[in-house]
Amino acid sequence: MPGTWAVIVAAGRGSRLGTEVPKQYLCLGKHSILTHTLRKFSQHPNIDGILVVIHPDDNQLFLDGCPDYTDKVLVEHGGDTRQVSVRNGLQALEDYTPKCVLIHDAARPFVTDEVISKLISVAQDGKAAIAASPVVDSLKYASDSTSDALIKKSIERTGLWHAQTPQAFPYDMILKAHLLVSDQENYTDDAAVAEAYGKDITLVQSDRNNIKITTTEDLNLAEIMMLTSVNNRTIMESRTGLGYDVHCFEDGDHVTLCGINIPHTRKLKGHSDADVGLHALTDAILGALCEGDIGTHFPPSEPQWKGAVSDQFLIFARDRVTKRGGKIIHVDVTLVCEMPKIGPHRDEMVTRMAEILDISPSRVSIKATTSERLGFTGREEGIAAQAVATIQIPTED
Ligand code: CTP
Ligand code: MG
């Protein structure tokens, strides 16, 4: 099939990472690194075919590690160096007469669609282009690469770039270049091969997240990126919910507020324990989830909630967040009342709410205000509470 092909080189041994299984077959989240990389190219609308270069010892690892792709890609065996692996891959495509090829490291699963698209359009015009990112750190030249080496001089970084992959070329050109250069040169990327062949190569700016997983540090970073980045199907988003509740006073000797009992000359009237703070907060969390309100889940008409301890409403909302793969980041409750005074009880309330929510007290805020003797709270007819909850949950659309 003519058109644009991707050659994914995956025949390395990953010696710098040093894991038992070569790095491209390690799992990041649910899939192998190679699977993540292959997905990027197979989902791209302008890629017409994919060839993967694997190590001759890795046939089974490939079948087990990339089950979704075994019958969707061509497979070729690589050689002792990356340069040889790329050459093998390019030669294996001769019968398919590609117009251009994007050569890419299996160990870079974070390549973006935008960069692939830009590279394809340059290569379709008969030119060579590589993904790269401008150097941002200050650069030093030193006597060697050990940690206490002495600086010999500082290097001006303007015009310096980190070369990444994909690297895109007209197929015939890069194949010829690879066939001409000697194996002894051991070029670490294909731009260097094309350069040796006298070709101009354009830089296409790519983001720095397009890391090559090389060391344990990179692997740890990649794990975090997979959890949080746009490259994972589980993109987390922040949401905020607002809750409000009011209960009036009736005869009694204590109020239940934010999960604790406080002696008072009256009590709050309600079907449950009338914990206005926990009710507002439960609604805030349900609001962030877009899952109705406390009354939807615990209708006051149902006798089982009579006198209920409000902890269970909040636990229900907390568990809904967990079931949807999310977590509670922060909650903030404001109690509006003249009496009882909240200050002396604040710490105990924070501790109790953090306990119910199963989060650190540093994520729980409780505030109180009077309403300057105005309105129903000012006349001490009841207590109002407002709450805001911030949660993180996986994006669903
Ligand atoms: N590669 C390859 N054939 C080789 C060497 C490398 O196909 N003989 C591939 C790797 O699988 C990787 C990419 O080229 O996807 C970039 O190489 P590198 O990051 O150096 O990977 P490894 O060679 O596997 O790692 P190391 O150098 O630490 O052994
Ligand atoms: Mg290598």
Side-chain angles (χ1 to χ4, degrees), residues 1-14 21-26 28 31-111 113 115-117 119-120 123-124 128-131 164-179 181 183 187 189-191 193-194 212-213:
M1 186 201 308
T4 303
W5 280 71
V7 172
I8 311 293
V9 279
R13 300 294 74 201
V21 171
K23 60 190 180 186
Q24 56 275 30
Y25 299 108
L26 296 175
L28 264 189
H31 305 285
S32 66
I33 290 174
L34 181 52
T35 292
H36 287 293
T37 306
L38 289 173
R39 179 179 292 139
K40 286 291 167 62
F41 288 86
S42 75
Q43 284 177 355
H44 196 286
N46 301 333
I47 295 286
D48 301 303
I50 300 175
L51 179 137
V52 189
V53 183
I54 66 168
H55 193 280
D57 294 347
D58 293 349
N59 292 333
Q60 194 58 44
L61 276 176
F62 177 67
L63 292 176
D64 295 343
C66 304
D68 297 344
Y69 292 97
T70 46
D71 55 359
K72 292 201 185 86
V73 300
L74 298 181
V75 179
E76 177 62 32
H77 283 158
D80 285 344
T81 63
R82 185 186 182 282
Q83 190 182 320
V84 174
S85 295
V86 173
R87 192 178 64 213
N88 289 1
L90 292 173
Q91 282 185 298
L93 283 183
E94 268 186 300
D95 289 348
Y96 298 86
T97 62
K99 182 174 179 208
C100 16
V101 281
L102 267 65
I103 302 166
H104 185 66
D105 296 330
R108 291 186 195 268
F110 297 109
V111 59
D113 290 350
V115 164
I116 295 176
S117 300
L119 289 165
I120 292 175
Q124 291 279 2
I130 70 165
Q164 304 175 346
T165 69
Q167 303 197 344
F169 308 91
Y171 173 73
D172 293 341
M173 180 269 262
I174 195 66
L175 176 63
K176 265 188 215 137
H178 263 281
L179 291 174
V181 294
D183 281 354
Y187 293 107
D189 76 344
D190 309 290
V193 173
K212 178 161 71 69
I213 299 168

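When reading the values below, keep in mind they use all heavy atoms of this one structure, side chains included, and skip hydrogens, waters and symmetry mates.
Considering only heavy atoms from C-beta on, Leu102 comes within 4.5 Å of Ile120 through its side chain. Between Thr81 and Asp183 there is no side-chain heavy-atom pair separated by less than 4.5 Å.
The two atoms that bring Val7 and Gly89 nearest to each other are CG1-CA, 4.4 Å, heavy atoms only. Here the closest non-hydrogen pair linking Thr37 and Pro109 is OG1-CA, 3.4 Å. The two residues Pro166 and Val115 make their nearest non-hydrogen contact at CD-CG1, 4.4 Å. In plain terms, the two heavy atoms of Pro170 and Ala123 that are nearest each other are CG-O, 4.4 Å. Pairing each heavy atom of Gln167 with each of Ala191, the nearest pair is OE1-N, 2.8 Å.
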Could you go through the side-chain contact (heavy atoms from CB on, under 4.5 Å) check for Leu28 and Ile213 one step at a time?
-> CA-CA 11 Å; Leu28 264 189; Ile213 299 168; 4.2 Å; yes
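Listed by first then second residue, pairs satisfying salt bridge (charged side-chain N to carboxylate O under 4.0 Å, His left out) with a partner in residues 166-176 number zero, not counting sequence neighbours. Pairs passing the ring-ring contact (aromatic ring centres under 6.0 Å, His included) check and including a residue from residues 42-75, sequence neighbours excluded, do not occur. Applying the salt bridge (charged side-chain N to carboxylate O under 4.0 Å, His left out) test to pairs two or more places apart or on separate chains, those with a residue in residues 62-82 are Arg82-Asp105, Arg82-Asp190.
Scanning for salt bridge (charged side-chain N to carboxylate O under 4.0 Å, His left out) contacts around Asp57 gives an empty result, with sequence neighbours left out. Under the side-chain hydrogen bond (donor to acceptor under 3.5 Å, both in side chains) criterion, Asn59 pairs with His77, sequence neighbours left out. Taking His104 as the reference, Phe41 meet the ring-ring contact (aromatic ring centres under 6.0 Å, His included) condition, with sequence neighbours excluded. Applying the side chain to side chain contact (heavy atoms under 4.5 Å, CB included) criterion to Ala129, with sequence neighbours excluded, gives Leu119, Val122, Thr202, Val204. Evaluation of the salt bridge (charged side-chain N to carboxylate O under 4.0 Å, His left out) rule for Asp189 yields no partner, not counting sequence neighbours. Under the rule for a side chain to side chain contact (heavy atoms under 4.5 Å, CB included), the partners of Leu179 that lie at least two apart in sequence or sit in another chain are Arg87, Gln91, Leu175. Every side-chain hydrogen bond (donor to acceptor under 3.5 Å, both in side chains) that Ser32 has, sequence neighbours left out, goes to Thr35. Legend: residues meeting side chain to side chain contact (heavy atoms under 4.5 Å, CB included) with Ala106, ordered by chain and number and at least two apart, are Ile8, Ala10, Gln24, Leu34. Under the side-chain hydrogen bond (donor to acceptor under 3.5 Å, both in side chains) criterion, Asn88 pairs with no residue, sequence neighbours left out.
With values rounded to the nearest 0.5 angstrom, Asn46 atom CG is found 10.0 Å from Asp113 atom CG. To the nearest 0.5 Å, the span separating CG on Leu38 from OG1 on Thr70 amounts to 10.5 Å. Once rounded to the nearest 0.5 Å, the distance linking CG of Leu93 with CG of Leu51 reads 5.0 Å. The line from CG of Leu63 to CG of Asp58 is 10.5 Å long, rounded to the nearest 0.5 Å.
A centroid separation of less than 6.0 Å is found between the aromatic rings of Tyr96 and Trp5.
Side-chain N or O atoms of His178 include none that pairs as donor or acceptor with a backbone N or O of Leu90 at under 3.5 Å. Judged by distance alone, with hydrogens and angles left aside, the side-chain atoms of Tyr171 form a donor-acceptor pair with the main-chain N or O of Glu94 at under 3.5 Å. For the pair Tyr187 (side chain) and Ala194 (backbone), a donor-acceptor distance under 3.5 Å is absent.
Side-chain contact check for Gln164 and Lys212: no donor-acceptor pair (N or O, by modelled atom type) lies under 3.5 Å.
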